[in-house]
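Written below as structure tokens is the structure these notes are about.
What you are looking at is a predicted structure, and each value in this text was computed from that prediction instead of being measured. Worth knowing before you read on, the calculation uses all heavy atoms, side chains too, and leaves out hydrogens, waters and symmetry mates.
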Amino acid sequence: LDTMLLPDRHDEQRVEHSQFRTIALTPEQVDRYGKEHGVFKSNYFITAYGILMARTAGEQQSLFTTVYNGRKDKRIAHTAGMFVKTLPVFTQFKEGTKVIDLLHDMQDQMSGCRKNDIYSFTDLHHDTGINTQGTLFVYQGELFDAGNTFGYPSSVRRLINSTSTAAMNMKIYIIDGKYQLKAEYDASRYSDELVAQHLMSYEAVLMNMMHCECVEDIPVA
């Protein structure tokens, strides 16, 4: 089963809420760290969320889902369409695991998932029983900060709050040169106060992961 933030509400009717948080970590800091250690930016944020979910659950492992653009086939590189694919993320560490080693392990895992995406998430769910209703994490990067489409000025307008059935959908992207966190969540299960604390804890992991040698040294508050 996937790792979920423990609910603090138990209402019957699903109600979608969202929260935003601008974090102090800068794109320049992530760029420098990534170049120094050979780590993709998306992998830095995915690994940090895996650590947070494991620590929140009091475990040394976590399981959730993410997505990628699904455009590894060069034939669709210049097409407009919905090719996004869902991938599982399994984070596992033990006492003494170094942060940089975990980052590299997770990078290998994500690369392997993308290379083998012909094995669909639907088949994975059928074969393993992995839950799809828990937690989804999406690294969007500069997707919403481009400012133009096909050379013409453009802007993003959200038509609906969320298309995810997950209880918690966490996104991170760059707006005006700053990282913006967004949590879309089922308010019948999570209070606004709990989600606000969850966002703060994720920022703490992101900020401290660069400066800690081992995973257990990373504070989450």
Using the rule given for side-chain contact (heavy atoms from CB on, under 4.5 Å), can you reason through M168 versus V195, listing the C-alpha separation, both sets of side-chain angles and the distance that settles it, and then say yes or no?
CA-CA 9 Å; M168 173 71 70; V195 174; 4.0 Å; yes
Report the C-alpha separation of I100 and V39 in whole Å, then their side-chain angles, then the decisive distance to 0.1 Å, and conclude whether the side-chain contact (heavy atoms from CB on, under 4.5 Å) test is met.
CA-CA 9 Å; I100 191 61; V39 174; 4.1 Å; yes
Check against ring pair (Phe, Tyr, Trp, His ring centres under 6.0 Å), Y33 and H211
CA-CA 10 Å; Y33 186 86; H211 311 293; 8.3 Å; no
How far apart are the C-alpha atoms of T135 and L5, what are their side-chain angles, what is the distance that settles it, and do they pass the side-chain contact (heavy atoms from CB on, under 4.5 Å) test?
CA-CA 8 Å; T135 304; L5 183 65; 5.8 Å; no
Give the intermediate values and the outcome of side-chain contact (heavy atoms from CB on, under 4.5 Å) for residues L103 and H37.
CA-CA 9 Å; L103 282 165; H37 297 286; over 6 Å; no
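Note that CG of D8 and CD of E193 are 8.0 Å apart. Values are rounded to the nearest 0.5 Å. Expressed to the nearest 0.5 Å, how far SG of C214 lies from CZ of F93 amounts to 11.5 Å. Between the CG atom of L63 and the CE atom of M4 there is a distance of 12.0 Å, given to the nearest 0.5 Å. To the nearest 0.5 angstrom, Y190 atom OH is 11.5 Å from Y185 atom OH. Here the straight-line distance linking atom CD1 of I46 with atom CE of M170 works out to 13.0 Å at 0.5 Å rounding. Note that the CE atom of M207 and the SG atom of C212 stand 11.5 Å from one another [nearest 0.5 Å].
Annotation: salt bridge (charged side-chain N to carboxylate O under 4.0 Å, His left out) contacts involving residues 88-112, sequence neighbours excluded, comprise K98-E213.
L25 places none of its side-chain heavy atoms less than 4.5 Å from the side chain of E203. Here the side chains of E184 and K182 are in contact, with some heavy-atom distance below 4.5 Å. Using a 4.5 Å heavy-atom threshold, the side chains of F64 and T3 count as separate. Annotation: side chain of Q19 is in contact with side chain of L199 (closest heavy-atom distance under 4.5 Å). Annotation: side chain of V205 is not in contact with side chain of R55 (no heavy-atom distance under 4.5 Å). Contact annotation: the side chain of I23 approaches that of L181 to within less than 4.5 Å [non-hydrogen atoms, C-beta and beyond]. Looking only at side-chain heavy atoms (C-beta outward), Q107 and S111 stay at 4.5 Å or farther from each other. T47 has its side chain within reach of L102: a pair of non-hydrogen atoms, C-beta onward, lies under 4.5 Å apart.
Closest approach of S188 and R14 over heavy atoms only: OG-CA, 3.8 Å. Annotation for A167 and R189: closest pair CB-NH1, 3.5 Å, computed over non-hydrogen atoms. Of all non-hydrogen atoms in L136 and V67, the two that sit nearest each other are CD1-CG1, 4.1 Å. Closest of all the heavy-atom pairs between G50 and S62 is O-OG, 2.8 Å. When all heavy atoms of V30 and K41 are compared, the closest pair comes out as CG1-CG, 3.6 Å. Here the shortest heavy-atom pairing between A24 and Q29 reads O-OE1, 3.9 Å.
The main-chain N or O of A187 is found under 3.5 Å from a side-chain atom of R9 such that the two form a donor-acceptor pair. Checking side-chain atoms of Q180 against main-chain N and O of F20 turns up no donor-acceptor pair under 3.5 Å.
Within 6.0 Å of atom CD in Q13, 12 or fewer heavy atoms from other residues, nucleotides or ligands are found, so the atom counts as exposed in its surroundings.
Hydrophobic clustering (side-chain heavy atoms under 4.5 Å, transitive across Ile, Leu, Val, Met, Phe, Trp, Tyr) keeps M200 apart from L52. Transitive grouping of hydrophobic side chains (ILVMFWY, heavy atoms separated by less than 4.5 Å) keeps F40 and Y44 in distinct clusters. Clustering ILVMFWY residues whenever any of their side-chain heavy atoms sit less than 4.5 angstrom apart, transitively, puts I174 in the very cluster that holds M210.
Applying the salt bridge (charged side-chain N to carboxylate O under 4.0 Å, His left out) rule to E216 yields no partners; only residues at least two apart in sequence or on another chain are considered.
Aromatic ring pairs are classed by plane angle as parallel below 30°, tilted from 30° to 60° and perpendicular above 60°; the pair F137 and Y49 is parallel.
Less than 6.0 angstrom separates the ring centroid of F45 from the ring centroid of Y139.
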